[in-house]
Every structure is written in structure tokens, then in C-alpha cells.
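Structure record follows, encoded as C-alpha cells.
Any value given below was found using the heavy atoms of this structure, including those in side chains, with hydrogens, waters and symmetry copies removed. Ligands are counted one by one from 1 in listed order, and the atoms in each one are counted from 1 as well.
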Amino acid sequence: MPKFVIQGGRQLKGEISVNGAKNAALKIIAASLLSKEEIKITNVPEIEEIKRLLELCESVGSRVERRGKEIKMSTPEILTTDLAPELVKKIRAALLLIGPLLIRKGEARLPHPGGCAIGERPIDLFIDGFKRLGAEVVETEQGYHFKAEKLRGATFVFPIISVTATEVLMMTAALAEGTTVLKNAACEPEIPALAEYLNKHGAKISGAGMHTITIEGVKELGAGEFEVMPDRVEAGSFAILGALLGEPLRVNNCRPEHLEALFVMFDKMGVDYKLGENWVEVRRFSPLKAVNVTTHEYPGFITDLQSAFTVLLTQANGLSLVHEAIFEGRLFFVDKLKQMGAQIILCDPHRAVINGPSKLHGRHLESPDLRAGFALVIAGLIADAETMIDNVYQIDRGYEKIEERLRAVGAEIKRI
Ligand code: EPU
């Protein structure tokens, strides 16, 4: 299994470019199965999570042609409505295929997706939402069987906000009969991007990006082309790295308007940054002030940046509180930062108090999940001596060739 070996303490400087958004590309790839026609998707990141979803799409009948960041895919026929357990286990985004299978074949079988390192991750909202659209959902020992001769538009109120459940119901309702209204829907930027993709191919969706989304069902979606938006988590991850290590580090090809909550925190901490239309430049400015942060649905502080931001807080002066409000497993990685010398008290699964600044020391660690894995990489970059990180598959799931891109701005990191 590959590992990263990092020599800490190097000064980073230069420009780093952001790739297409994982969490937008996954949804657009899945939505392409709603149509029989060929769809061309550009700016698709070359990451493990996308490869796994493409394998799953191929397993149900998609033809995929990939050239670098461009994918051409078509699904003239759905060959099976059974999602393969060995693939579903590897990728939670398998849930995205339920809608296309139900719309095109009237049924879908989903093996139990299970929890993961960041939390229990139930699927009750998907089940309730599909039932509301007229599907029957039966739970068996093997998993879930979704069945519907016809899906009909309805009003569904989300009891809590869920990004993927909003996207799944929105894309399915695009081809259900009649009007669907989703209330208390998620507003993350990937949702209006998915609606734009669907509308461009014939859907009638309004309100995406706000809490109420209205979808007028249409009969079919056509062929077309779509470019994936820049990844706001990657952009934020690099901006945080700049705040830790730079000489100026310029993050190119991003949309700074998607990171406003991060910049509010930078302002409070005294981080030095400049914004352009599609770039942000950040440099280390000490001393940094401690802050309290709570993760929140968009446009609040994104949970996917919590772990990298926690590393930044280990370098701030005073006591900071991190409140991870979305997932119950996303703070356990602070144990690894403590092994490196950070002073952190994990009060409960949702709250950690950090006393900074602390000198971090190189250690041999394991990456527990994607975002915590990246956080350990940046902790290794500011630590003294050598840090070794196992289980880098977790990092490859979401960050493309991260070691090469970090080396290009001065990091000493290699994959062995
Ligand atoms: N939830 C339920 N029931 C459900 C669905 C969700 O209780 O049926 C709960 C979750 O357990 C969680 C909360 O609702 O406590 C919010 O989760 P949400 O459904 O919004 O998360 P998600 O759609 O599964 C997406 C991203 C995550 C990101 C979250 C929050 C994708 C593929 N994943 O997950 O990204 O953290 O939204 O913004 O879009 C990552 O990229 O590393 C990642 C985990």
C-alpha cells in the first residue's frame, strides 16, 4: 500500500491550481444515466472516487470513454438494476444511481451501504423521499429494494438538511410525472450546478441553491455537454495551507465566493489574504489568533474543511473551540494531531478544544478518511522531521496527485 513521506518545515510558495469538484462531478455523472443519449463532461478530476462511480455505472450498462479530464458517456440501456455490493461498499455515491434506475427500469436494488469513518451516515431521508414520490421500499437482509411503476411529483419536506438526498430527489423528480416541491433543501453550490446541468438537457427546475426547489417533471432528457465547477473544498484546503506555511501561496482557478465563511474566520484570526475573481492568495502571518468555529450547511463553515482548519488552529495563540455539527466521527482524527504534539481535548464526538500554538513533530500515522488525511499531510508539512502517512488511498479518493502538486510549490513529499 502506498504511503506519503513528508519532510516538514519547508517554505511553500508559488501557485497551485484547483481541479474540478469531486462532489459536483459525481452527481453529474450519475445524472447522465437519466438519459439514453451521449453526455460529454469536462473538467472531471482524476480521482479514485470518480473511478469507482464510473465502474459502478459501467456495471449497470454505461459506456464510458475517458480522456484525461474529459468523459464521454452514454447509457442506451440499463442492463441490471442490481447495484454490485463490492462496488457499493467502496463508494457511498452509489446512492446517486437509485433515481436513474427507478426512472428507467422501475426498480433498483441497493446493498446496505453502511457507515464510514466520518459517521453512521443513515439513508432514511432517501427512503422517505422516494416513498413520497410513490416508490415502494422494502428492506431485506441484503439491502433495499426500491420499486415504482411510475413516480409522481409530490411535496417533500426534509426534516434535516442533506446534500446528496436533495440532489437525488431533485434529479429523480426531473423525470417524475407532475410537480415536485422540495422544502428545507440543501443550498450547497453543487446543487444549482446539478440543476443547471439538468435544465440544460431538458429539465424544468427552479429554486436550486435556495431552500425550496420546484421541479416540473418532463418526459426525457437529451444529449449535451457540461463543465464541472472548481472544487471549493480543494480551494479551501490550499488556502488553509497558505495560511500555515506561505510565503504567498496563490490558489488559482477557484470561486472565492464559495468560501466566504472561511474568509470570515481568516479575518478573525488575522490571516493575510487577497482575493481576485477566480483566485485567492494567502500567506502566513503570525501570530494568529484563536477562534471558535462551528461547521454548518452552506453558506456556513463547511464540514469538509474542518480537519484542515483544526490543524491551522493548533498554530493560533490561545484556546479555540471546534464544533463539528454535521458528522459524529469527523473529530476523532485529532488523536493523530495529539500524537504529533498538539494540545487538544476532545470533549465529546462533536467538540474539541485546542490550546495553541504547539510545535508539531513528525510521526508515523494512518489516514482515517479523505479530509482528515489531507489535514495530516498539512500537519506533516509544518512538523519538524519526517512524517509518514499510511492509507493514502483515502486521500487519493478526493485529491488528484496531491504530492506532485504540493511538490510544485516547494513541499518535500513523496509517495513510496
Ligand atoms: N443524514 C441523515 N439521513 C440521511 C442522509 C443524511 O441523517 O438519509 C445526515 C448525515 O448523517 C449528516 C447530515 O445528514 O449528519 C448531513 O449529511 P449530508 O446528507 O448532507 O451529507 P452527504 O450528502 O452524504 C455530502 C458530501 C460530503 C460533505 C457533506 C456535507 C458528497 C458526495 N458528499 O455528503 O463530502 O461532507 O455533503 O456537506 O457530496 C467529502 O467530500 O469528503 C465529503 C464527505
For the rings on H112 and Y144, is their centre-to-centre separation under 6.0 Å?
-> yes
Side-chain touch D390/H364, heavy atoms, less than 4.5 angstrom | yes
Does the ring center of F301 lie less than 6.0 Å from the ring center of F309?
-> yes
Do L26 and ligand 1 have an N or O pair less than 3.5 Å apart?
-> no
In ligand 1, the atoms that come under 4.0 Å of a heavy atom of I123 are 8 (O)
Any donor and acceptor pair, going by atom type alone, linking the side chain of Q306 with main-chain N or O of V322 inside 3.5 Å?
-> no
K27 to ligand 1: N or O pair under 3.5 Å?
-> yes
Is R121 close to ligand 1, meaning an N/O of one under 3.5 Å from an N/O of the other?
-> yes
Indicate yes or no for a side-chain donor-acceptor contact from E412 to the backbone of G8 under 3.5 Å, with no hydrogens or angles considered.
-> no
Under a 4.5 Å cut-off applied to non-hydrogen side-chain atoms, are K27 and Y197 in contact?
-> no
Close-contact set for ligand 1 against I118 heavy atoms, below 4.0 Å | 44 (C)
May I ask you to check whether E167 has an N/O atom sitting below 3.5 Å from an N/O atom of ligand 1?
-> no
Ligand 1 atoms nearer than 4.0 angstrom to some heavy atom of T303 are 30 (C), 36 (O), 38 (O)
Looking at L370, which atoms of ligand 1 are within less than 4.0 Å of one of its heavy atoms?
-> 42 (O)
Shortest protein contact, atom 10 (C) of ligand 1 (heavy atom only) = F327 CE2, 4.1 Å
Can an N or O of A165 be found at a distance shorter than 3.5 Å from an N or O of ligand 1?
-> no
Nearest neighbour in protein (non-hydrogen) for atom 43 (C) of ligand 1 = D304 OD1, 3.5 Å
Below 4.5 Å, heavy atoms only, C-beta onward: do Y399 and L370 meet side chain to side chain?
-> yes
In terms of its nearest heavy atom to atom 13 (C) of ligand 1, the top option of D369, I326, I91, T166 is I326
Among S162, G129, G329, P122, which residue places a heavy atom closest to atom 19 (O) of ligand 1?
-> S162
Measure the shortest side-chain to side-chain distance between H201 and S35 over non-hydrogen atoms and say whether it is less than 4.5 angstrom.
-> no
Do S320 side-chain atoms and I354 backbone N/O form a donor-acceptor pair below 3.5 Å?
-> no
For R330 and ligand 1, answer yes if some heavy atom of the residue is under 4.0 Å from a ligand atom, otherwise no.
-> yes
